[in-house]
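Note that the structure is predicted; figures quoted are calculated from it, not measured.
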Amino acid sequence: MGRLIAIEGIDGAGKTTLARGLVEAMPELVVLREPGGAEVSERIRALVADPALDVDPRAEALLFAAARAQLVAEVVRPLLADDRWVVLDRYVDSSLAYQGAGRELGVDAVAAINAFGTGGLVADLTLYVRVEPAVGAARLRGGLDRIEQAGAAFFAAAVAAYDALAAAAPERYVVLDGSGAPETVLLQALTALKRLQ
Ligand code: TYD
């Protein structure tokens with residue numbers, strides 16, 4: 001079995017920069033961003049992101065869970081079975097924070113549909129890149145997708161949910177200060193990954 005590492009945090013936290021840094025430093029890592037190249041997930045995510053659509057929050061949560069289920073079955077599980085280390089730029093916690101807390105569906109309810117979707121596949125380690133909501137918002141510019149258009153209260157709720165998840169399972173989370181220099185965030189993440197070996 002390989003290892004599953006998730007990168008989490010709100011929009012503008014610097015997750016994608018971290019993911020890029022990780023793969024440069026450890027080329028053996030497989031870095032995937034949901035929908036991650038699975039065609040079914042790709043199509044579902046296009047639908048969820050479309051600002052022209054009015055997607056009900058429950059439908060939104062189920063669609064993210066469905067896209068994730070396909071990615072896990074088609075891509076992630078085979079890689080893990082092949083002993084690869086897989087880094088996911090967003091995983092279940094994104095749904096807990098955004099749909100569970102942000103959309104107020106309840107973290108437990110969203111956790112349940114995701115446990116079903118993933119067949120219970122939990123990340124071995126979650127790198128939580130933490131920024132205050134205002135910092136994330138300031139870093140995003142133009143071209144916001146349907147979800148990124150949500151307001152400040154939505155992102156404040158998402159940050160609170162991420163904080164609570166990290167506090168509840170400190171052995172599986174590393175909290176990285178996303179307001180700092182990208183190199184510092186990367187070094188701290190690499191240190192955390194070494195401990196997984
Ligand atoms: P993503 O494509 O990861 O973000 P980016 O805009 O950085 O490319 O995600 C798009 C949006 O979807 C983002 O605002 C986060 C949101 N999202 C959820 O609300 N729930 C989820 O489960 C996931 C994976 C993303």
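Within the 4.5 Å cutoff, no side-chain heavy atoms of Val174 are placed close to those of Gln188. Between Leu32 and Val86 the shortest side-chain heavy-atom distance falls below 4.5 Å. Gln197 is listed as a side-chain neighbour of Trp85, based on a closest heavy-atom distance under 4.5 Å. Side chains of Thr17 and Leu186 form no contact here, defined as non-hydrogen atoms less than 4.5 Å apart. The closest side-chain heavy-atom distance from Tyr91 to Val72 is below 4.5 Å. The shortest distance between side-chain heavy atoms of Val122 and Arg172 falls below 4.5 Å. The side-chain heavy atoms of Leu127 and Ile5, taken from C-beta on, include a pair separated by under 4.5 Å.
Residues Val131 and Gly136 approach most closely at CG2-N, 3.9 Å, considering heavy atoms. Among all heavy-atom pairs drawn from Ala38 and Leu71, the shortest one is CB-CA, 4.3 Å. For the pair Ala19 and Val31, the tightest heavy-atom approach, listed with the atom from each and the gap, is CB-CG1, 3.8 Å. Nearest heavy atoms, Ala161 versus Ala101: CB-CB, 3.6 Å. Taking every heavy atom of both residues into account, Pro133 and Ile10 meet most closely at CA-CD1, 3.6 Å. The two residues Glu28 and Arg84 have their closest heavy-atom pair at O-NH2, 3.6 Å.
A centroid separation of 6.0 Å or more is found between the aromatic rings of Tyr128 and Tyr173. In this structure, the ring of Phe154 has its center less than 6.0 angstrom from the ring center of Tyr98.
Under the 4.5 Å side-chain heavy-atom criterion for Ile, Leu, Val, Met, Phe, Trp and Tyr, Ile113 and Leu96 are members of distinct hydrophobic clusters. Hydrophobic clustering, with ILVMFWY side chains joined whenever heavy atoms are under 4.5 angstrom apart, groups Val175 together with Val159. One hydrophobic cluster, built from ILVMFWY side chains closer than 4.5 Å, holds both Val129 and Met26. No single ILVMFWY cluster, assembled from side-chain heavy atoms under 4.5 Å apart, contains both Val48 and Val110. Under a hydrophobic clustering in which Ile, Leu, Val, Met, Phe, Trp and Tyr are joined whenever their side-chain heavy atoms come within less than 4.5 Å, directly or via other members, Phe64 and Val40 fall into the same cluster.
Side-chain atoms of Thr184 do not come within 3.5 Å of backbone N or O of Gly180 as any donor-acceptor pair. Between the Asp124 side chain and the Leu4 main chain, a donor and an acceptor come within less than 3.5 Å of each other.
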Original post:
Val92 and Leu121: side chain to side chain contact (heavy atoms under 4.5 Å, CB included), yes or no, with the steps?
Top reply: CA-CA 9 Å; Val92 172; Leu121 183 68; over 6 Å; no
Subject >> side chain to side chain contact (heavy atoms under 4.5 Å, CB included) between Val75 and Val30, intermediate numbers included >> reply: CA-CA 11 Å; Val75 184; Val30 182; over 6 Å; no
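The distance from atom CG of Leu88 to atom CD1 of Ile7, rounded to the nearest 0.5 Å, is 9.0 Å. Here the CG-CG distance, from Leu176 to Leu18, works out to 6.5 Å after rounding to the nearest 0.5 Å. From Ser94, atom OG reaches atom OH of Tyr162 across 3.5 Å, with rounding to the nearest 0.5 Å. Between the CZ atom in Arg77 and the OG1 atom in Thr118 there is a gap of 7.0 Å [rounded to 0.5 Å]. Rounded to the nearest 0.5 Å, atoms OG1 (Thr16) and CG (Asp89) are 4.0 Å apart. Rounding to the nearest 0.5 Å places CG of Leu125 at 10.5 Å from CZ of Arg3.
Salt-bridge annotation for Asp177 and Arg130: absent, with no side-chain N of the basic residue lying under 4.0 Å from a carboxylate O of the acidic one. The pair Glu39-Arg43 counts as a salt bridge, with a side-chain nitrogen and a carboxylate oxygen less than 4.0 angstrom apart. Salt-bridge annotation for Lys15 and Glu8: absent, with no side-chain N of the basic residue lying under 4.0 Å from a carboxylate O of the acidic one.
Side-chain polar atoms of Ser95 and Arg90 form no donor-acceptor pair below 3.5 angstrom.
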